[in-house]
Each structure stands twice: as C-alpha cells, then as structure tokens.
Amino acid sequence: MKNSKIAIISVMFCFFAMGFVDLVGIASNYVKEDLQLSDSVANIFPSLVFFWFLLFSIPTGMLMNKIGRKKTVLVSLIVTILSLALPLFGENFAIMLIAFSLLGIGNAIMQTSLNPLVTTVMQGGNLASTLTFGQFIKAIASFLAPYLAMWGATAAIPSFGLDWRVLFAIYFLIGIVATLILWGTKIEEQPIEGKASGFVDCLKLLGQPVVLLSFLGIMCHVGIDVGTNTTAPKLLIERLGMTLNEAAFATSLYFIFRTLGCFTGSFFLRVLKTRTFFVISVVMMALSMCGMWFGADKWMLYAAIALVGYGNSNIFSICFANALQSVPSKQNEVSGLMIMGLFGGTIFPLLMGFASDAMGQIGAVLVMAVGVAYLFTYTRKL
C-alpha cells in the first residue's frame, strides 16, 4: 500500500486518542471530591462510560460494513472531541454525566472500528503483536492523564482557571490533530464480500466457544483495568492516609507499567508461545491481588499496582486476536462483539463501589480477584 508509513502513523495517533477514555478513573476521583459523592455514586461515571459499549459495539460493526472502517473511526473521533469540550464549560453533575456518556460512545465506536482498520493498514503480519503496539501508544495517553490532572490541580502547569479539568482541554486539542491527520490519509479498503450481517447474525457468533470465552476474557480485562484505575488511589488514601493529589500517582504507576507491558509484550508475543505469555501475565495479576489484599506498606501496594499494570497490559490483544482469527470471514462482526465485552467496565466498577462502601477497598479488590480467576480458565482456549 502506498503511503503505508503515513497510514500507520495516522492509525497510531488514533490509538493515542483511544487512550483518552482512561482519564475516567482519575477524573471520577476528582469529581467525587469536588461534588462530595460516595464511592457507589462516583463509580457511576466509569460505569456509564463503558455502558455504551453494550449498545454501540455491534451496530458499529454493521456500520463499518456500510461506510468503511476509516469513516467509522472519523465519526468516533468527532464524538470524542465533543465529549472533551463539555467539561470546559463547567463541572456540575449533569455536564459530567453527558460528557462521560459521549466519551463512552465515542470510544465504543473507535475501539470497534480502529482494531479492524489495523488489519487493513498492515495487510498481514502478527496481529496480536501489532495490536499490542497500538495498546502501547494508547497507554501513553492513559498514564499521562493523572499527571495532567494533578499538575492542573496544583497549578504546576497553566490551567487557565480550569484546575484539574485542563486535562480535557489538552486532550481536546490532540483529538482535533488526530482527526485531521486521519482525514487527510488515504487508506484503501477491500469491499465487503457477500451479504452484510444483521444484529442477530452478530450475536449468533457468541455460539462459537472461542468467541464467547474471548468475550468474557475481555470483560474481565477491562473490569480489572478500570477497577485498578479507580481503586488504586483510594487504597493509598485508605491505608496510608495520603491526599488525593498524592495518591493520583497510583493511577500513573499502573499505566506506566501497563505501557511498559504493551511495549515489551509486542516483542514477547513474537518469541514466546501466546499461551505461555498469557499464563505469566495472569500469574502476575494474581500476585497483585494478594498484594492489594494484604498490603499495608507503601512498597507492597506500589508493587501490587505495578504487577497488575504489567500483567493486564496484553490480555486484551491476545483475547481479541484469538477471536478475530477464529472467524476470519466475519472480522467486523467479531470486532463489534469483542468491544461489547468492554461492558465489563460498567459491571465491575458498580460491584466494586457497593463492595467498597460495605467493606472498604478490600471489597473492591475481591471483585477484581474474581476476574483474575476466570482468566486462568481461559488459557485452555489458547
């Protein structure tokens, strides 16, 4: 493909924009503090973001069949930009609800359409490894979010009166750049052969064991991801008496190691058996759950957060690629189903919010541990 390097760069810019969704963890903590909310109410925000994956993922797969993958990604970027603009006008409960909803809708469309667009741009190669590199780019945006919010809150960078919400302004500008680059990039797509699948046809693909178990694996992955993103600062506040600005580092630490995991994972997935690397990753996550459960010292809690960040970094790519390659003739539809699995980001935070209100943050850790236990059973399908 001509201009393939430019196409790859434009797609990687979109992966960076995909990472904007991970600001939900630190943002919900600041909103909780500013509006004096309980854990269960504050966790509505990350849950709301991922609720839209349930409704929009399969329709997006069908939309790709009609207008193409690139145009669908452009639609997602426009919705994302709008979601980032709203908090610049205020921070009341209604504005934040609408903003987080639009962020979820935009991200659901983007994740469903961008991953298949990678297969168009790359035209072969190691799909799991390439998707993992995209996740590495995404993770850079993820771990920058808590820093940008913290710097804005402490006036370490000019916040223009927005306080921590300067985070939205910065990502708003980057989102515009990503949109313009992709819009100006020529990407040739193959026409869809045969009859396009309907909604019921997509759901029927869950009848295939690999697709169903990969779907559940992605639900657990994103539940643990959003759960750690949201719970890590609360653990440090509860156990070590830190302030929110001090504890915000926990979210960044998680994403630093998740970024490192994605970067090194793109190499390990080429030299190790996928199953071997998957088992190593899940064992690291299990150790992290033990650390979060028993940890009372800073070093132990930091080590646990780092372990789950690294361990969880490649789970999505492995599950997604495994499902996509199991039904090569229905990649758009399978992509929609897999991204619908990100609905786990709604279920887990809600359960964790109720559990932490009842038992403290140890209750939230217990919910995440259930997800880790499931991932051990998934290894049989690799």
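- A distance of 6.0 Å or more separates the ring centres of F168 and F172.
- Contact annotation: the side chain of M18 approaches that of L114 to within less than 4.5 Å [non-hydrogen atoms, C-beta and beyond].
- Separation of atoms NE2 (H221) and CZ (F320) is listed at 11.5 Å; rounding is to 0.5 Å.
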For this session: Evaluate the criterion side chain to side chain contact (heavy atoms under 4.5 Å, CB included) for residue pair L55 and F51; output intermediate values, then yes/no.
Result: CA-CA 7 Å; L55 300 183; F51 168 75; 3.7 Å; yes
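- When hydrophobic clusters are built by joining Ile, Leu, Val, Met, Phe, Trp and Tyr residues whose side-chain heavy atoms come closer than 4.5 Å, directly or via intermediates, L350 is not grouped with L216.
- Formation of a donor-acceptor pair under 3.5 Å by the R165 side chain with backbone atoms of E91 is not found in this model.
- The closest side-chain heavy-atom distance from L144 to L167 is not below 4.5 Å.
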Exercise. What do the steps show when you test I224 against L375 for side chain to side chain contact (heavy atoms under 4.5 Å, CB included), and what is the final call?
Worked result: CA-CA 11 Å; I224 295 164; L375 291 174; 4.3 Å; yes
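- The closest donor-acceptor contact from the side chain of S317 to the backbone of N314 lies at 3.5 Å or more, if one exists at all.
- Between M64 and P116, some side-chain heavy-atom pair lies under the 4.5 Å cut-off.
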For this session: Would you sort out whether L324 and M338 count as a side chain to side chain contact (heavy atoms under 4.5 Å, CB included), showing the intermediate values?
Result: CA-CA 9 Å; L324 216 59; M338 292 304 103; 5.9 Å; no
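- Both Y374 and F215 belong to a common hydrophobic cluster when Ile, Leu, Val, Met, Phe, Trp and Tyr are linked at side-chain heavy-atom distances under 4.5 angstrom.
- Separating the CG atom in L180 from the CG atom in L74 is a distance of 9.5 Å, to the nearest 0.5 Å.
- Of all the heavy atoms in M96 and P87, the pair that sits closest is SD-CB, 4.2 Å.
- Residues I280 and I315 share a hydrophobic cluster, clusters being chains of Ile/Leu/Val/Met/Phe/Trp/Tyr side chains in contact below 4.5 Å.
- Annotation: side chain of F20 is not in contact with side chain of I81 (no heavy-atom distance under 4.5 Å).
- Side-chain contact between I67 and T72: present, with at least one pair of heavy atoms (C-beta onward) separated by less than 4.5 Å.
- The line from CG of L117 to OG1 of T112 is 12.5 Å long, rounded to the nearest 0.5 Å.
- The pair R239-D297 does not meet the salt-bridge criterion, since no charged nitrogen lies less than 4.0 angstrom from a carboxylate oxygen.
- Counting only heavy atoms from C-beta outward, the side chains of T230 and M352 never approach each other to under 4.5 Å.
- A side-chain donor-acceptor contact under 3.5 Å links S113 to the backbone of I109.
- Residues N322 and S214 approach most closely at ND2-OG, 4.1 Å, considering heavy atoms.
- S313 contributes a side-chain N or O that, together with a main-chain N or O of Y310, makes up a donor-acceptor pair within less than 3.5 Å.
- Within the structure, ring-ring contact (aromatic ring centres under 6.0 Å, His included) pairs that include any residue of residues 278-302 comprise F249-Y302, F278-Y378 (at least two apart or interchain).
- Of the N and O atoms on the side chains of Y254 and S142, not one donor lies less than 3.5 Å from an acceptor on the other residue.
- Note that the CE atom of M292 and the CE atom of M300 stand 12.5 Å from one another [nearest 0.5 Å].
- In the hydrophobic clustering of ILVMFWY residues, with side-chain heavy atoms under 4.5 Å counting as a link, V79 and L63 come out apart.
- No side-chain donor-acceptor contact under 3.5 Å links N312 to the backbone of M285.
- Here the options are V49, L48, N29, the test is side chain to side chain contact (heavy atoms under 4.5 Å, CB included), and the partner is V24; only V49 passes.
- Put simply, the side chain of K32 never gets that close to the backbone of A27: no donor and acceptor are under 3.5 Å apart.
- Criterion: ILVMFWY side-chain heavy atoms under 4.5 Å apart, direct or through other members. Under it, I105 and I44 are part of a common hydrophobic cluster.
- Here D34 contributes atom CG and Y30 contributes atom OH; the two are 9.0 Å apart, rounded to the nearest 0.5 Å.
- Looking at every heavy atom in both residues, A296 comes nearest to L240 through O-CD2, 3.6 Å.
- The aromatic ring centres of F277 and F267 sit 6.0 Å or more apart.
- For F13 and F16, the ring centers are positioned 6.0 Å apart or more.
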Problem set entry | Intermediate values then yes/no, side chain to side chain contact (heavy atoms under 4.5 Å, CB included), F255 and Y147 | CA-CA 11 Å; F255 283 116; Y147 277 117; over 6 Å; no
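- Distance alone, capped at 3.5 Å, is enough to place a donor-acceptor pair between the Y171 side chain and the A141 backbone.
- With hydrogens and angles disregarded, a donor-acceptor distance shorter than 3.5 Å links the side chain of T259 to the backbone of A139.
- Heavy atoms only, all atoms of each residue included: G341 and V222 are closest at O-CG1, 4.0 Å.
- Side-chain N or O atoms of T379 include one that pairs as donor or acceptor with a backbone N or O of F376 at under 3.5 Å.
- Counting only heavy atoms from C-beta outward, the side chains of K298 and M242 approach each other to under 4.5 Å.
- Put simply, CH2 on W183 and NZ on K71 are 12.0 Å apart, with the number rounded to the nearest 0.5 Å.
- Side-chain polar atoms of W52 and N107 form no donor-acceptor pair below 3.5 angstrom.
- With hydrogens and angles disregarded, no donor-acceptor distance shorter than 3.5 Å links the side chain of Q361 to the backbone of E238.
- Nearest heavy atoms, A364 versus A355: N-CB, 4.1 Å.
- Scanning all heavy atoms of the two residues, the minimum distance from M359 to I362 falls at O-CG2, 3.5 Å.
- Between E33 and T243 the shortest side-chain heavy-atom distance does not fall below 4.5 Å.
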